[in-house]
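Data first, discussion second: the structure below is written as structure tokens.
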Amino acid sequence: MFEWNTLARQGKARAGEFATPHGILKTPVFAPVGTQATVKSLTPAQLEDLGASLVLSNTYHLFLRPGDELVAEMGGLHQFMQWKGPMLTDSGGFQVFSLSEIRKIDEDGVSFKSHIDGSMKRLSPEISMQIQENLGADIIMAFDECSDPTHSEITQAAMRRTHAWLLRCQKAKKRADQALFGIVQGGVNDQLREESASFVSSLDLPGHAIGGLSVGESKTDMYRTLDVVNAILPENKPRYLMGVGTTQDLIEGVLRGVDIFDCVLPTRLARHNTAMTRYSRLNLQNACYSRDENPIDPQCSCYTCQCFSRAYIRHLINAKEMLAATLLSIHNLHTLISLAAEMRQAILAGSFESYARDALQKIHENKKPEKVK
RNA sequence: GGACGGUUACCCAAGUGGCCAACGGGGUCUGACUGUAAAUCAGAUGGCAGGAGCCUUCGGAGGUUCGAAUCCUUCACCGUCCA
């Protein structure tokens, strides 16, 4: 269990397999995010049709509601939300960052003011492990401190705390059927990243994650940091770049040896009326689509593009119909899931270098889908 | 025929002498979104410039005033009531 096999390699890019109790992850892979035990606006059947393999959920949110013990009583997260494939739960570490207004950090852990009812809640490495064991995902994440990458003193303190917490997570973890991934922090500081990657690599964990990126830093910083970290993380373990989510970042990530991605972007953009296409974005709310008979992308094979026009989707958006969110979520997730699958095929076929170069060039040109009519 | 009340920007609707190009809401348009406090948030919405600049507006016409969406006269239309 939790064996990582590299099937092919091209440059730093890899195609691999990671066995979990709920199936084999074929990488590179993009994972949709289902924070509250649901990928917003989609049913598990729709996710399956999309070819989704790994789905994320969230410790902090499920801890607050409905409660991890309730989920355990209901048979665990897989049974509860009826997702049969591999699952990953985030530890609540990102909420340390995103809910910074209503939390307080100390060496032992973090106290949050619940965003739901204002009551104080406590999260620590041990509590996060306990919650994630109750939830029962295949991959569980170490409780880390994701911090603003631009303040280097804060970043250093956060990184050191993240390391100390990782040791505690490892110690507190009891279930053997869950893989604990450690998280590399260190902001955009190369020395800190090296220190963090070395430390995390030394613990013999089944997989490694890169956190604290795509939180406002420049692309240059992000890609350089990936280079620094992946030069240290061992080749024989999966690498998970947390929270990354644009087509460009997926390609740049795979080029640098990343295997797993997750992001809220496709589903959030979908609810905010924006379609992600291979090389650009389309705001379907724009007036220019009101009489556009084309699908979002005539080249796209997703359900939405097989059936519906831009004009119809724009109508749904303007009428505030929730089907708009569903159709756009299907399309956006398809874009990233199929991109990851194509990259995998290209690596296996030995054509990834030219595939990536061509795709990045078109992204750089912001190439819109070609219309048929 | 008479008595009141009303007519404000795409729609609804505030404003009853200067702080009014005119509150607010809707609609419309545009932008943002990367381990989800996000079916959210921000901006624009008379015209032209596109920094705090100019021009044309508050049913029509005329008038009072230094100054009018706001006061007066008159016309038109709408509503309620009385004949």
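Residue numbering restarts at 1 for every chain, and letters A, B, ... go by the order of the sequence lines. Side-chain atoms are counted along with the backbone in the values below, which use heavy atoms only and exclude waters and symmetry mates.
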All N/O pairs under 3.5 Å across the protein-nucleotides 42-47 of chain B interface:
none

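When all heavy atoms of Leu213(A) and Ile210(A) are compared, the closest pair comes out as CD1-CG2, 3.7 Å.
The same atom, C1', is picked in C4(B) and in A83(B); the two are 15 Å apart, to the nearest Å. U7(B) and G17(B) have their P atoms separated by 16 Å, given to the nearest Å. Taking the P atoms as reference points, A9(B) lies 16 Å from G15(B), given to the whole Å. Using C1' as the reference atom, G18(B) and G67(B) are 6 Å apart when rounded to the nearest Å. Comparing the P positions of G24(B) and G43(B) gives a spacing of 12 Å, expressed to the nearest Å. Separating the C1' atom of G26(B) from that of G53(B) is a span of 32 Å, rounded to the nearest Å. Taking atom C1' in both A37(B) and G27(B), one finds a spacing of 29 Å when rounded to whole Å.
Applying the side chain to side chain donor-acceptor pair (under 3.5 Å) test to pairs two or more places apart or on separate chains, those with a residue in residues 201-216 of chain A are Asp204(A)-Lys237(A). The stretch residues 306-320 of chain A participates, sequence neighbours left out, in these salt bridge (Lys or Arg N to Asp or Glu O under 4.0 Å) pairs: Asp292(A)-Arg310(A). Applying the ring-ring contact (aromatic ring centres under 6.0 Å, His included) test to every pair with at least one member in residues 254-289 of chain A, sequence neighbours left out, gives no pairs at all. Applying the ring-ring contact (aromatic ring centres under 6.0 Å, His included) test to pairs two or more places apart or on separate chains, those with a residue in residues 43-81 of chain A are His22(A)-His78(A), Tyr60(A)-Phe112(A), Tyr60(A)-His115(A), His61(A)-His115(A). Applying the ring-ring contact (aromatic ring centres under 6.0 Å, His included) test to every pair with at least one member in residues 90-110 of chain A, sequence neighbours left out, gives these pairs: Phe94(A)-Phe97(A). Listed by first then second residue, pairs satisfying ring-ring contact (aromatic ring centres under 6.0 Å, His included) with a partner in residues 317-359 of chain A number zero, not counting sequence neighbours.
Judged purely by distance below 3.5 Å, without hydrogens or angles, the side chains of Asp117(A) and Ser114(A) pair a donor atom with an acceptor atom. Under 3.5 Å, the side chains of Thr274(A) and Arg281(A) contain no donor-acceptor pair of N or O atoms. Judged purely by distance below 3.5 Å, without hydrogens or angles, the side chains of Gln361(A) and Glu365(A) pair a donor atom with an acceptor atom.
Ring geometry, Phe199(A) versus His163(A): the interplanar angle falls under 30°, so the pair is classed parallel (tilted spans 30 to 60°).
Judged as a ring-ring contact (aromatic ring centres under 6.0 Å, His included), and not counting sequence neighbours, Tyr240(A) has no contacts. Partners of Trp165(A) under the ring-ring contact (aromatic ring centres under 6.0 Å, His included) rule, at least two apart in sequence or in another chain, are Phe143(A).
For Asn332(A) (side chain) and Met276(A) (main-chain N/O), a donor-acceptor pair under 3.5 Å exists by modelled atom type.
With a 3.5 Å ceiling on both atom-pair distances, A9(B) lacks any Watson-Crick or G-U wobble partner. Nucleotide U73(B) forms a pair with A61(B), judged by Watson-Crick or G-U wobble geometry with both contacts under 3.5 Å. Remark: U45(B) base-pairs with G27(B). Criterion, Watson-Crick or G-U wobble with two distances under 3.5 Å. Base pairing of C4(B): its partner is G79(B), meeting the Watson-Crick or G-U wobble criterion (both donor-acceptor distances under 3.5 Å). Searching all strands for a Watson-Crick or G-U wobble partner of C19(B) with both distances below 3.5 Å returns nothing. A 3.5 Å limit on both hydrogen-bonding distances identifies A32(B) as the Watson-Crick or G-U partner of U40(B).
Of the residues in residues 99-124 of chain A, those with a non-hydrogen atom less than 4.0 angstrom from any atom of RNA chain B are Leu99(A), Ile102(A), His115(A). The stretch residues 193-207 of chain A has no heavy atom under 4.0 Å from RNA chain B, so no residue of it qualifies as close.
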*Encode nucleotides 29-36 of chain B as B, S and - characters from 5' to 3', where the letter depends on protein heavy atoms closer than 4.0 Å: B to the base, S only to sugar-phosphate, - to neither.*
SSSBBBBB
